[in-house]
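Values below: every heavy atom of this structure, side chains too, minus hydrogens, waters and symmetry copies.
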2 protein chains.
Amino acid sequence: MKRRNTATQEAVLSVLTSKRRAMSQDAIVKQMEVNADRATIYRILNRFCEDGIVHKIVADDGKQYFAVCVKCDDIPVLGNHFHFRCTKCETIECLPTLVEFSVPEKYVVQQMNCVLVGICKDCS
Amino acid sequence: MKRRNTATQEAVLSVLTSKRRAMSQDAIVKQMEVNADRATIYRILNRFCEDGIVHKIVADDGKQYFAVCVKCDDIPVLGNHFHFRCTKCETIECLPTLVEFSVPEKYVVQQMNCVLVGICKDCS
DNA sequence: ATATTATTGCGACAAAGGTGCAATAATTTA
DNA sequence: TAAATTATTGCACCTTTGTCGCAATAATAT
């Protein structure tokens, strides 16, 4: 399944990279000048996830948010970091804070989804 | 708004306390012998949350799970603990592991929702 | 026993995501 | 460059989760 370049895909990626935040599908379309079908956006985002271009966060509102996997401020943002949802500006960002934990005997951790909720630096 | 005792409420609470796991609405009804309306279950669960009897977890599947606020194994399970979703037995449990973190300057954390995903001790 | 009002059931609704299928268009091949 | 291949899209439709209004029911207080 070789990938192809399309305008919609580039638009989605462009929005995500410029905003530097985790965004929901509807937030992404709002920022796009090109308009595309909802289902298409979801398919593009899920493809990006498979390819490791973006990662998915499920916030405490139950919605999926997508963020580009980039290094911010020279701190590598890998899988195991906290996400921060600001209740004032309604954005979700990747914190450089790594999630540290230890689980009881015999538990195997494969993924994680950690969201802190509060007021971000710009709103406090 | 004084609370009243009803059979449905007791049934919900009974299921949650006996299972000792975080359960979704549909999982709860399946375990109940009394049958009640979906909306009613949700209202009961949200009331329990308000009263501090149960707490709500939003898993990485975007669904709400509810767990009784109890002490397990002599370890107090308060707000700031990890949750563990087992992909094999499809349950979510409260880990005794507390969430430890430090956020960058000027961030104010008010809540958190941290879910680890993998294989639990019973399934590994 | 009656009045008060919390709780329930029903119906309807909205939002978020996903899917199948035919049409479109980006690559590849000739 | 033109034709063939097949990844991607748009559309329609569907499912699940969760909420809400309102009238009916039933738990408590009087």
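- Rounding to whole angstrom units, CG of residue B:Asp26 and C1' of D:dT17 are separated by 9 Å.
- For B:Lys63 and D:dT15, the NZ to C1' distance is 12 Å, given to the nearest whole Å.
- Here A:Gln25 lies out of heavy-atom contact (under 4.0 Å) with every strand.
- If you take CD of B:Gln64 and P of D:dT16, they are 17 Å apart, rounded to a whole angstrom.
- You'll find a donor-acceptor pair under 3.5 Å spanning the side chain of A:Arg4 and the base of D:dT6, going by distance alone.
- B:Thr97 contributes no side-chain N or O that, together with a main-chain N or O of B:Phe82, makes up a donor-acceptor pair within less than 3.5 Å.
- In this structure, A:Asn113 contributes its side chain and B:Val115 its backbone to no donor-acceptor pair below 3.5 Å.
- Note on A:Asp37: a base of the nucleic acid sits closer than 4.0 angstrom, heavy atoms only.
- Between D:dA7 and A:Lys2, no contact under 4.0 Å exists linking OP1 or OP2 to a side-chain N or O.
- Using a 4.0 Å heavy-atom criterion, one finds that B:Arg47 contacts the sugar-phosphate atoms exclusively.
- Nucleic acid contact class of B:Ala39 (heavy atoms, under 4.0 Å, all strands): base.
- For the pair B:Ser18 (side chain) and B:Ser14 (backbone), a donor-acceptor distance under 3.5 Å is present.
- Residues A:Lys88 and A:Asp122 are not paired through a salt bridge, judged by the lack of any N-O separation under 4.0 Å between the basic side chain and the carboxylate.
- For B:Glu93 and A:Tyr107, the side-chain atoms include at least one donor-acceptor pair closer than 3.5 Å.
- In this structure, A:Lys63 pairs ionically with A:Asp26, as a charged nitrogen and a carboxylate oxygen lie closer than 4.0 Å.
- Residue contacts shown for A:Asp61 are absent, as no nucleic acid heavy atom lies under 4.0 Å away.
- Within the 4.0 Å cut-off from OP1 or OP2 of D:dG18, not a single side-chain nitrogen or oxygen of B:Asn46 is found.
- Under 3.5 Å, the side chain of B:Arg43 and the base of D:dG18 form no donor-acceptor pair of N or O atoms.
- Residue A:Ser24 is classed as having no contact, given no heavy-atom separation below 4.0 Å to the nucleic acid.
- Rounded to a whole Å, the CD atom of B:Glu10 is 12 Å from the C1' atom of D:dA27.
- Nearest-nucleotide assignment on DNA chain D puts the 5′-proximal partner with B:Tyr42, out of B:Thr6 and B:Tyr42.
- The nearest whole Å value for the distance from the NZ atom in B:Lys56 to the C1' atom in D:dT17 is 12 Å.
- Rounded to an integer number of Å, the gap from B:Asp51 CG to C:dT7 P is 9 Å.
- Among the protein residues, B:Arg3 comes within range of the sugar-phosphate backbone only, with heavy atoms under 4.0 Å from sugar or phosphate atoms but none that close to a base.
- Look at CD1 on B:Ile57: it is 17 Å from C1' on D:dG18, rounded to the nearest Å.
- Among the atoms of the strands shown, base atoms are found under 4.0 Å from some heavy atom of A:Arg38.
- Note: CD1 (A:Ile41) to C1' (C:dA16) measures 14 Å, nearest angstrom.
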